[in-house]
Structure formats: C-alpha cells, structure tokens
Amino acid sequence: MASTALRLLGEVGLEGLTLRAIAKELDVKAPALYWHFKDKKALLDEMATEMFRRMTADLASATHPPRDWREALETAMRGLRDHLLRYRDGAKVYSGTHFTDMSYAAPMEAHLRTLVAGGFTAAGAARAWFTAYSYTIGYVIEEQSMGPLPGSDGEGYDLEARAERLAGYPLTAEAGPEMFRDQDAGFEAGLAAVLAGIAATLLPPTA
C-alpha cells in the first residue's frame, strides 16, 4: 500500500494525496483503508518508513566502507538527498514523520558508532548526525519547492525576474544564482560548511 501511495505521490503531490485517492487507485472502498491507517499522518509515517527501507538497501551495497566519520556523513547525506529527490515532495513527506518499525535502528547505530570511533562523545555523535540530517532535509524541501517538478520542462526559479524586482538591493539580487542555481554544487558547499562546523564545535580536541 505504501508503494502505491509513493507512486501516486509522483502524480498528484503531497497536497493531492488522500486516502480516498489511494483507495481509488487500489480499487477498494475508502473505509477499508482505515483498517490500516487511521488518518493521513499514519499513511505518511508508513510512506517515510518505506522510503527509508529502500534507501538503506541501496546504501548497504556501497563498494567500500567510509574512511572516517566525515566521509561517512557525506555518503549518508548524499544518499538521503538522492533518495528524497526521487519522489515528488519527498522531503516534505519524510520530514516530521515517525518510522513504523525498527528498520532504522541498526543503520543509526552503525552511523553513531562510526562517529564515536572518530572521537565524538555519544552526545556529540548524536548532535553531529542530527545537524547534518536536518540540513539535508531542509535543503531538499527548499530545492523541491522551487521546482521544476521531476519530469517537467520547467526551468524553476526565474532569476532574471527576481533580479529585476530586487534592482534596489544589489547584494540580495546577486545572491540569487548562488542560492537557486546548480543545486548539486550548492548542496555540497553547504554540507562542507556544516561538517566543518561539526568538527570545530562538537569534536573534542585531541590531547
């Protein structure tokens, strides 16, 4: 059922995704779905869990283990972004949901173990992970909100029109290409800044 919902998400987006629409897609009566999901929030929880399962399966096939905590976080956050971008409104679906099983526990334990092995305290490892994770989720929410939709011919944010509107604010106008063009490069630059901050503020100094 979660797979059907994820497929339908690509057609109608998060706003158009309803239990009634999914019931129609499955050719069942809408009340039948309430045996499985009491409301849309419960459905989104299961969808996010299914997204995580798929992501974990892909990342588990990595060709080599990370060399250190920094590479581990980079790989994990790049993988998270890549998977969220596979779904229309994927980051919005994923954000704020609760996993419906324990499939997240083993991967999370492995990530935290890598950070602790790299010198972080247990608390520092948790904060480091959550900081990088929150950056990635937020980045993709903004990235997907700006468009264009996957598979469309749109060009996304009209920077020329933006620059014209902001002619009296030259620095703000000039910031447009940095923020709204080449999202891959922008993500990498932001991730590098986040990881540098994590190292500077959360990693205990060596003796």
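Numbers for residues simply follow the sequence, beginning at 1. For the numbers below, each heavy atom of this structure counts, side chains included, while hydrogens, waters and symmetry mates do not.
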Which heavy atom in [X] sits nearest to a heavy atom in [Y], and how many Å separate them?
| X | Y | result |
| --- | --- | --- |
| Tyr135 | Leu191 | OH-N, 3.4 Å |
| Ala5 | Leu17 | O-CD1, 3.8 Å |
| Glu46 | Ala2 | CG-CB, 3.9 Å |
| Ala128 | Phe120 | CB-CE2, 4.2 Å |
| Gly16 | Ala21 | O-CB, 4.2 Å |
| Ile141 | Ala91 | CG1-CB, 3.5 Å |

When the ring centroid of Tyr104 is compared with that of Phe52, is the distance short of 6.0 Å?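 For Tyr104 and Phe52, the ring centres are not under 6.0 Å apart.
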
One thing to verify: whether [Y] and [X] come together as a salt bridge, which I'm taking to mean a side-chain N less than 4.0 angstrom from a carboxylate O.
| X | Y | value |
| --- | --- | --- |
| Arg86 | Asp82 | yes |
| Arg88 | Glu11 | no |
| Glu74 | Arg70 | no |

Picking from Arg54, Lys92, Gln144, what satisfies side-chain hydrogen bond (donor to acceptor under 3.5 Å, both in side chains) with Tyr87?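 With Tyr87 as partner, side-chain hydrogen bond (donor to acceptor under 3.5 Å, both in side chains) holds for just one option, Arg54.
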
[X] (side chain) donor-acceptor with [Y] (main chain) under 3.5 angstrom:
| X | Y | result |
| --- | --- | --- |
| Glu143 | Asp184 | no |
| Thr97 | Ala48 | no |
| Asp89 | Gly13 | no |

In Å and rounded to the nearest 0.5 Å, what is the [atom1] to [atom2] distance from [X] to [Y]?
| X | Y | atom1 | atom2 | value |
| --- | --- | --- | --- | --- |
| His98 | Thr100 | NE2 | OG1 | 12.0 Å |
| Glu50 | Asp101 | CD | CG | 9.5 Å |
| Arg127 | Thr201 | CZ | OG1 | 10.5 Å |
| Arg78 | Glu71 | CZ | CD | 8.5 Å |
| Leu80 | Tyr139 | CG | OH | 13.5 Å |
| Arg113 | Glu109 | CZ | CD | 4.5 Å |

I'd like to know whether CD of Glu188 has more than 12 heavy-atom contacts from other residues, nucleotides or ligands below 6.0 angstrom.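 More than 12 within 6.0 Å, yes.
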
Decide whether [X] and [Y] are clustered together by the hydrophobic rule: side chain heavy atoms of Ile, Leu, Val, Met, Phe, Trp, Tyr closer than 4.5 Å, transitively.
| X | Y | value |
| --- | --- | --- |
| Leu171 | Leu159 | no |
| Leu166 | Met179 | no |
| Met108 | Val116 | no |

So do [Y] and [X] actually touch side chain to side chain, heavy atoms under 4.5 Å?
| X | Y | result |
| --- | --- | --- |
| Leu14 | Leu44 | yes |
| Tyr94 | Met55 | yes |
| Thr18 | Lys24 | no |

Would Arg81 pass as a cation-pi partner of Phe187, given that its NZ or CZ must be under 6.0 Å from the six-membered ring centre and within 45 degrees of the axis?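 Yes - Arg81 lies over the ring of Phe187, closer than 6.0 Å to its centre and within 45° of its axis.
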
Worked check of side chain to side chain contact (heavy atoms under 4.5 Å, CB included) between Ile137 and Leu84: CA-CA 8 Å; Ile137 295 288; Leu84 294 178; 3.7 Å; yes

